[in-house]
Amino acid sequence: MLQFVESRPGIMQGHRQAARPRAAEEASEALNKLQHAPETELLIAVRDRRDKQAFAQLFDIYAPKLKAMVMRSGTPAAQAEDIVQDAMLSVWRKAAQFDAHRSQASGWIYRIARNRMIDIARRDYRPLPEELKIDEPPAEQPAEIMAMDQEAARLRAALDTLPQSQREMIEKAYLGELSHKEITETTGLPLGTIKSRIRLGLERLRHELKDLRQS
Amino acid sequence: MTAPQHHIPEPMMAAYVAGNLPQPFAVVVATHISMCDECRARHETHLALGGAVLESLEDAPVSDAMRAGLFAMLDEPAPEEPAAPKPRGIYPAPLADMVPGDGPRWRSIGMGARQSILWRGKEGSLRLLYIPAGQAVPDHSHNGLELTLVLQGSFSDEGGRFGVGDVEVADEAVEHTPLAGIDSPCICLAATDAPLRFSGMIPRLLQPVFRI
Ligand SMILES: [Zn+2]
């Protein structure tokens, strides 16, 4: 994480100057120059080489954040640790499913952890979208992975430059503290950012689907 | 199949990735994503935003004992994963598990229309609806929110035309009269977070009996 924090002056600057117009834009331009996020590389090392050192680094970055997330939902610290341990074990075991063309490490780990939290809280059937049929995953495209990571960095930058009230709303929504009705009513989501990302995500997915259908 | 035109609303997608959507709606969302590339991409986008929120949280330090315990488990054989559900006929994977292998257990709800309840609980209900080609579903309004996803055929109502993969979102203000397309019977997945009440055919008193 340290590495990453050091390479984030753009965000901090953008955050301080949030009152100035175009601060968000400047922050994301600075982030454009960022190198490939180390988290994604770590997860790829875990996936492809079962690299325990890489996993240890991922653990040190994400376990304390996951614990914070689980405790936000009112879970006592000791139980939260059990859930984090369980979620990180899932990260290790399911790493083969990580597709760096479609997700980045933080979003993928967020997904695994939320799913584990639901499974533990309620023993219900948890509906998951059908997986895309990928017989032979296409070769890793470093440029695409980097584009994905830059998008993620831009998203974080946008999050950092949001007014406090909107930012809190986003946090509450993704930490499961708001119902869909409440999210609808507050409309605190930065839809502009989401929309531009959807466009990019869509292009990327179409590209990937095209590759799959050709092979 | 043309790409769906009517999608999952953004707030619902956000609640879905956070794991905070009532069960019947979560099934509709997972089923729609399975049928819609655009929403598959949007789903990933919301997960990325969730990941960004996760990264922005203040660390809550974890114990060394937990860390050591985890690393001791890494070499243990992983328990066998249940096989990922497979799509079957018109039912995408998230739904295929809920529909019996030899087809839904249909019950008549009058005028040739049928329903099959897949799930009901405190959070609402989930059912399949079968509407004969060219026919209307009895006019109804509802207490809560209703999501309807087309699996076969199409229907039209005040909100437009809905083909395979399309989702209609109707809140309690909407009193709509869906009319099935004339080409084939329409089969939909319908989820509510409250019991339906029909304003036409069936007296309200009978609702508990018919479970509608
Ligand atoms: Zn869609």
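Computed over heavy atoms, backbone and side chain alike; hydrogens, waters and symmetry mates excluded. By convention in this document, chain letters (A, B, ...) are assigned in the order of the sequence lines, proteins followed by strands, and residues within each chain are numbered from 1. This one's a predicted model, so the numbers in the text were calculated from it and none came from an experiment.
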Could you walk me through whether B:V28 and B:L126 pass side chain to side chain contact (heavy atoms under 4.5 Å, CB included), step by step? CA-CA 9 Å; B:V28 174; B:L126 182 72; 4.0 Å; yes
Select one option (side chain, backbone, both, neither) describing which atoms of A:K94 are under 4.5 Å from chain B's heavy atoms. side chain
Between B:L74, B:L70, B:V53, who has the most heavy-atom pairs with chain A when the cutoff is under 4.5 Å? B:L74
Is it the backbone or the side chain of B:H43 that comes under 4.5 Å from a heavy atom of chain A, or both, or neither? side chain
Based on non-hydrogen pairs under 4.5 Å, which of A:E81, A:M88, A:K67, A:E177 is most in contact with chain B? A:E81
Quick one: are A:E171 and A:R72 in side-chain contact, heavy atoms under 4.5 Å? yes
Donor-acceptor contact present, side-chain B:D193 to main-chain B:L145, <3.5 Å: yes
Side chain, backbone, both or neither of B:M98 within contact of chain A (heavy atoms, under 4.5 Å): side chain
Please name all residues satisfying side-chain hydrogen bond (donor to acceptor under 3.5 Å, both in side chains) with B:Q5, sequence neighbours left out, ordered by chain then number. none
Please classify the contact of A:A80 with chain B as side chain, backbone, both or neither, using a heavy-atom distance under 4.5 Å. neither
Can you tell which part of A:R111 gets under 4.5 Å to a heavy atom of chain B, answering side chain, backbone, both or neither? both
Would you check if the distance from the ring center of A:F55 to the ring center of B:F71 is below 6.0 Å? yes
Give the member of A:M71, A:K52, A:R114, A:R93 that has the highest number of heavy-atom pairs under 4.5 Å with chain B. A:R93
Output yes when A:D99 and A:R47 qualify as a salt bridge under the 4.0 Å nitrogen-oxygen rule, no when they do not. no
Do you know which two heavy atoms are closest between B:C39 and B:M13, and how far apart they sit? O-CE, 3.6 Å
When only pairs under 4.5 Å are counted, which of A:S179, A:G107, A:G176, A:P129 shares the most heavy-atom pairs with chain B? A:P129
Given a strict heavy-atom distance threshold of 4.5 Å, which part of B:S63 is in contact with chain A: side chain, backbone, both, or neither? both
Using non-hydrogen atoms only, which part of B:P22 is less than 4.5 Å away from chain A: side chain, backbone, both, or neither? side chain
Measure distances from A:L178 to the heavy atoms of chain B and classify the residue's part below 4.5 Å as side chain, backbone, both or neither. backbone
Using a strict threshold of under 4.0 Å (side-chain N to carboxylate O), is an ion pair present between A:D119 and A:R116? yes
Thinking salt bridges, do B:R161 and B:D166 make one under a 4.0 Å N-O criterion? no
Heavy-atom pairs under 4.5 Å with chain A: which of B:A15, B:G19, B:A78, B:A65 has the most? B:A78
Heavy-atom cut-off 4.5 Å, strictly under: side chain, backbone, both or neither for B:P92 against chain A? both
Between B:V17, B:D97, B:L95, which residue shows the highest count of heavy-atom pairs closer than 4.5 Å to chain A? B:V17
Please list, chain by chain and in numerical order, all residues satisfying side-chain hydrogen bond (donor to acceptor under 3.5 Å, both in side chains) with B:S56, sequence neighbours excluded. none
Structural part of A:D60 lying under 4.5 Å from a heavy atom of chain B: side chain
Engaged part of B:A84 at the chain A interface, taking heavy atoms whose separation is under 4.5 Å: neither
Between A:V70 and A:M117, is any pair of side-chain heavy atoms under 4.5 Å apart? yes
